[in-house]
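Working notes, beginning with the structure itself.
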Amino acid sequence: MELKGKNVFITGSSRGIGLAIAHKFASLGANVVLNSRTVISEDLLIDFSQYGVKILAICGDVSDNADAKRMIEEAISELGSVDILVNNAGITKDTLMLKMTESDFEEVLKVNLTGAFNMTQSVLKPMIKARQGVIINMSSVVGLMGNIGQANYAASKAGLIGFTKSVAREVANRNIRVNAIAPGMIESDMTAVLSDKVKEAMLAQIPMKQFGQAEQVADVTVFLASQDYLTGQVIAIDGGLTMQ
């Protein structure tokens, strides 16, 4: 798929990996829909003016089915289509299993997994009508290998992998491709505040002995959007953490 002129909707794109993905697509000439649950700053929109593409800010809650439909409809009304959907929005509520509440578990699944369902279902009908489209779901290495204190998060990200493969099979004959990315330990606001001891312990698990960058995840995202014969796959970008 040629990315220039395509319309990309990236959930959870006001910061972190989602924002890096938005910048990457915009730098390649794609029009971008920035999304946050609440507010997207004017400064952020000004920052995207350098690319000379259309930038929309659409706020809403992906975990609410009606809100998801409203956001996709608004994007299509403004841009004419949504050619690429990146389901990146996610939350964590980490705690050990014995301390985890039902609310801790359900809230993470509702945003991370049901949110992807809501957005995907909302965009599929117009994609099927157009007989083209790309959906990319942001999973995690935690969905592949689990992690202490993240039973809820791991369940949501593992669920995204099964969701990705199932939807990919359903819509492949309509020229719609669905893939997932499983980032490993990516430098972020979260890793910046960790102690040196914790960072060393994390790095010891990674064969490449380094954290990844949000921009590297963005590179994989545009690769999956561009490759016309790639669907139903999960790409782990993790420095070798999950290699078998």
Side-chain angles (χ1 to χ4, degrees), residues 9-22 34-40 58-72 85-123 135-167 178-194 198 202 205 211-212 214 217 221 234-238 241-242:
F9 194 123
I10 307 156
T11 67
S13 49
S14 63
R15 60 187 177 87
I17 289 175
L19 181 58
I21 292 170
L34 296 172
N35 165 256
S36 172
R37 183 179 289 186
T38 52
V39 177
I40 295 172
I58 299 181
C59 294
D61 184 356
V62 299
S63 70
D64 182 286
N65 189 266
D67 217 13
K69 289 179 180 177
R70 188 266 307 167
M71 289 191 289
I72 291 295
L85 169 67
V86 182
N87 285 312
N88 171 75
I91 63 169
T92 59
K93 286 185 174 290
D94 298 350
T95 189
L96 294 174
M97 185 65 189
L98 289 178
K99 296 181 179 179
M100 188 175 292
T101 66
E102 184 178 0
S103 175
D104 290 335
F105 191 83
E106 290 184 347
E107 284 182 32
V108 170
L109 261 69
K110 189 171 183 181
V111 174
N112 299 4
L113 185 54
T114 305
F117 163 82
N118 290 337
M119 295 298 293
T120 299
Q121 190 178 63
S122 298
V123 84
I135 298 168
I136 300 169
N137 298 317
M138 201 59 64
S139 182
S140 167
V141 293
V142 174
L144 296 170
M145 59 189 288
N147 196 32
I148 293 170
Q150 290 192 305
N152 47 4
Y153 187 74
S156 71
K157 295 302 185 177
L160 268 178
I161 291 172
F163 176 77
T164 296
K165 292 178 178 291
S166 297
V167 179
V178 189
N179 291 289
I181 301 173
M185 296 174 183
I186 306 299
E187 282 194 355
S188 64
D189 295 340
M190 180 188 74
T191 58
V193 299
L194 296 175
V198 171
M202 294 171 70
Q205 302 176 58
F211 291 127
V217 180
T221 308
V234 181
I235 308 296
I237 176 165
D238 62 2
L241 181 62
T242 58

Does [X] reach the side chain of [Y], with side-chain heavy atoms less than 4.5 Å apart?
{"X": "M71", "Y": "V62", "answer": "yes"}
{"X": "V178", "Y": "F163", "answer": "no"}
{"X": "S13", "Y": "L34", "answer": "yes"}
{"X": "I10", "Y": "N35", "answer": "no"}
{"X": "S188", "Y": "I186", "answer": "no"}
{"X": "I72", "Y": "F9", "answer": "yes"}
{"X": "D104", "Y": "K99", "answer": "no"}

For [X], check salt bridge (Lys or Arg N to Asp or Glu O under 4.0 Å) against everything at least two apart and list the hits.
{"X": "R70", "answer": "D67, E74"}
{"X": "D238", "answer": "none"}
{"X": "E107", "answer": "K93"}

Derivation of the side chain to side chain contact (heavy atoms under 4.5 Å, CB included) call for V111 and S63: CA-CA 5 Å; V111 174; S63 70; 4.2 Å; yes

What heavy-atom pair brings [X] and [Y] nearest, and what distance separates the two atoms?
{"X": "L96", "Y": "I148", "value": "CD2-CG2, 3.6 Å"}
{"X": "I237", "Y": "I181", "value": "CG2-CG2, 3.9 Å"}
{"X": "A151", "Y": "M97", "value": "CB-SD, 4.0 Å"}
{"X": "A158", "Y": "G143", "value": "CB-O, 3.4 Å"}

Among residues at least two apart in sequence or on other chains, which ones pass side chain to side chain contact (heavy atoms under 4.5 Å, CB included) with [X]?
{"X": "E106", "value": "E102"}
{"X": "L144", "value": "I161, A182, A236, T242"}
{"X": "A155", "value": "F105, L109"}

Check: S36 side chain, C59 main-chain N or O, donor-acceptor pair, under 3.5 Å: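 Side chain of S36 to backbone of C59, a donor-acceptor pair under 3.5 Å: no, none is there.
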
Keeping the roles fixed (side chain from N88, backbone from G12), state whether a donor-acceptor pair exists under 3.5 Å. yes

Please say which of T120, N112, N118, T11 ends up in a side chain to side chain donor-acceptor pair (under 3.5 Å) with N87.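 Only one of T120, N112, N118, T11 forms a side chain to side chain donor-acceptor pair (under 3.5 Å) with N87, namely T120.
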
One should read off an interatomic distance between M119 CE and N137 CG, to the nearest 0.5 angstrom, of 11.0 Å

In this structure, CG of N152 is separated from NZ of K110 (nearest 0.5 Å) by 15.5 Å

Please say whether more than 12 non-hydrogen atoms of neighbouring residues, nucleotides or ligands are located less than 6.0 Å from NZ in K165.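 Count over threshold, so yes.
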
What's the verdict on side chain to side chain contact (heavy atoms under 4.5 Å, CB included) for V142 and K157, showing C-alpha distance, side-chain angles and the deciding distance? CA-CA 7 Å; V142 174; K157 295 302 185 177; 5.5 Å; no

